[in-house]
Amino acid sequence: MPKLATTLKPKLKLPTVKHENIYNFPNFLTLTRLIATPVVGYLIIHNHHLYAFTLFTYAAVSDLLDGWIARKWKLQTVVGSVVDPMADKLLMTTLITCLAVNGSLPMPLFALILGRDASLAVSALYYRYASLPAPKTMARYWDFSLPSAEVHPTNISKFNTFLQLSLLGTLLCTNLLHDPSATTSAAGGLLMSIQDALGGETGVKTLIQGMSAVVATTTIYSGLEYTWSKKAVVILGGDEALKRKQGFRGRMIMASGFGSFIALAAWLWYNDTAKEEVGKVIESKK
């Protein structure tokens with residue numbers, strides 16, 4: 001018997017696990033974008049708008065560049081597919097938070113954008129737990145090689161993301177008008193000429209208000225669409241009755257969470273409007 005085992009041993013081959021080469025240039029660009037994000041937030045809060053805008057521009061260009069390089073030279077990795085959207089969402093959350101803190105982004109709009117993303121995150125946690133086949137262990141919950149539901153972003157959601165980024169980029173540009181290091185730079189004359197072309201400070205303010213109104217509308221619509229669309233999240237499995245039940249509960253979680261943030265945004269907007277009216281009355285009496 002030992003002789004037979006000795007004879008068979010050289011012929012047995014253990015299964016090999018293929019490891020991805022994650023140390024490539026696209027993943028390096030994504031890593032630098034992750035590192036740059038908190039720096040951008042710090043610069044915004046401390047009113048270093050020229051440096052914040054420069055670093056934001058790098059983050060935006062690197063986001064386009066890493067995807068193109070990965071597709072061009074077939075350097076896509078599973079790690080990259082997870083970390084890249086995570087870096088984008090972290091940058092977005094940091095920008096809206098810091099711009100709201102320094103007063104550039106209206107608080108009602110901040111509540112809507114953050115509330116939509118937070119509500120989607122909570123409902124996604126539910127969908128994952130509800131749709132995961134038994135046994136529902138923590139190890140299986142975080143094992144994404146076990147697919148249980150598919151998320152299909154809606155067209156309005158994609159368009160809303162584009163509009164949000166456009167607004168944030170515009171806010172960063174307008175903040176340059178209040179940064180002496182930007183207005184006195186070589187591009188300072190161009191900045192002032194653009195402001196004049198838009199109608200001065202009043203024109204810039206009107207532009208921002210218009211863009212904010214559009215973003216608020218698309219944010220509300222895209223968030224609510226996740227509450228009525230049965231195609232946005234598709235639960236896998238063969239039990240149709242259970243899938244309908246789980247889908248309904250997930251949509252109600254999204255509806256209750258986002259509805260609360262819509263109410264908060266409406267309250268903030270009402271308070272801001274009331275304060276502006278009081279301010280106008282005081283100014284008229286002077």
Side-chain angles (χ1 to χ4, degrees), residues 40-41 43-61 63-64 88 91-117 155-223 261-262 264-280 283:
V40 172
L43 293 172
I44 291 173
I45 290 177
H46 290 83
N47 297 319
H48 299 301
H49 300 299
L50 178 59
Y51 303 117
F53 180 77
T54 303
L55 205 52
F56 168 76
T57 302
Y58 165 78
V61 172
D63 188 23
L64 296 174
D88 294 341
L91 178 61
M92 174 81 77
T93 303
T94 300
L95 284 174
I96 64 171
T97 301
C98 295
L99 287 171
V101 168
N102 79 350
S104 301
L105 184 72
M107 288 302 295
L109 185 55
F110 166 73
L112 283 177
I113 297 175
L114 190 65
R116 173 187 172 276
D117 290 345
N155 289 330
I156 188 63
S157 179
K158 296 176 183 178
F159 183 55
N160 177 59
T161 299
F162 168 75
L163 290 177
Q164 287 180 4
L165 286 172
S166 299
L167 174 62
L168 296 176
T170 303
L171 288 174
L172 289 173
C173 286
T174 55
N175 283 341
L176 293 176
L177 298 169
H178 307 288
D179 187 347
S181 61
T183 54
T184 58
S185 66
L190 177 62
L191 286 172
M192 301 309 295
S193 63
I194 292 175
Q195 178 178 249
D196 294 338
L198 292 173
E201 292 185 6
T202 303
V204 171
K205 184 178 180 180
T206 302
L207 172 66
I208 296 299
Q209 288 176 340
M211 294 182 68
S212 298
V214 173
V215 169
T217 302
T218 56
T219 300
I220 293 174
Y221 186 89
S222 65
F261 279 100
I262 291 176
L264 174 62
W267 179 77
L268 291 170
W269 175 81
Y270 175 80
N271 275 4
D272 289 346
T273 304
K275 289 179 181 177
E276 287 182 5
E277 292 298 327
V278 171
K280 290 178 182 178
E283 286 294 326

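No experiment lies behind these values; they were computed from the predicted model shown.
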task: Assess whether side chain to side chain contact (heavy atoms under 4.5 Å, CB included) is satisfied between Asn175 and Leu99, documenting all intermediate values.
output: CA-CA 10 Å; Asn175 283 341; Leu99 287 171; 3.7 Å; yes
query: Between Ile44 and Leu172, is any pair of side-chain heavy atoms under 4.5 Å apart?
result: yes
field: Check against side chain to side chain contact (heavy atoms under 4.5 Å, CB included), His46 and Asn102
entry: CA-CA 8 Å; His46 290 83; Asn102 79 350; over 6 Å; no
- prompt: Looking only at side chains, do Thr93 and Asp117 share a donor and an acceptor under 3.5 Å apart?
  reply: no
- prompt: Nearest heavy-atom pair of Trp269 and Pro108: which atoms, and what distance?
  reply: N-CG, 3.5 Å
OG-CG distance between Ser212 and Leu109, expressed to the nearest 0.5 angstrom: 5.5 Å
- prompt: Closest approach of Leu268 and Ala111, non-hydrogen atoms and distance?
  reply: CD1-CB, 4.2 Å
query: Among pairs that include at least one residue of residues 187-206, which meet side chain to side chain donor-acceptor pair (under 3.5 Å), considering only residues two or more places apart or in two chains?
result: none
- prompt: Any side-chain heavy atom of Met92 within less than 4.5 Å of one from Thr161?
  reply: yes
Main-chain N/O of Leu171 paired with Thr174 side-chain donor or acceptor, under 3.5 Å: yes
query: Taking the side chain as C-beta and beyond, is there a heavy-atom pair between Thr94 and Val40 under 4.5 Å?
result: no
query: About how many Å separate CG of Leu167 and CD1 of Ile96, when rounded to the nearest 0.5 Å?
result: 10.5 Å
- prompt: Looking at side-chain heavy atoms only, is the closest gap between Tyr270 and Thr273 below 4.5 Å?
  reply: no
Distance (rounded to the nearest 0.5 Å) between Leu177 CG and Ile194 CD1: 8.5 Å
field: Separation of Thr183 OG1 from Leu176 CG (nearest 0.5 Å)
entry: 9.5 Å
message: Ignoring hydrogens, what is the shortest heavy-atom contact between Cys173 and Phe53? Give both atom names and the distance.
response: SG-CE1, 3.3 Å
field: Nearest non-hydrogen partners of Arg116 and Gly223, listed with the distance
entry: NE-N, 4.0 Å
- request: State whether the number of non-hydrogen atoms from other residues, nucleotides or ligands found under 6.0 Å of Tyr51 atom OH is greater than 12.
  value: no
message: Looking at every heavy atom in both Asp179 and His49, which two are closest together, and how far apart are they?
response: OD2-N, 3.0 Å
- request: List the atom of Leu91, the atom of Ala59, and the distance in Å for their closest heavy-atom pair.
  value: CD2-CB, 3.9 Å
query: Are Leu112 and Val215 side-chain neighbours, meaning at least one heavy-atom pair lies under 4.5 Å?
result: no
Distance (rounded to the nearest 0.5 Å) between His48 NE2 and Leu55 CG: 13.0 Å
- prompt: So how far is it from Asn155 CG to Ser222 OG, rounded to the nearest 0.5 Å?
  reply: 11.5 Å
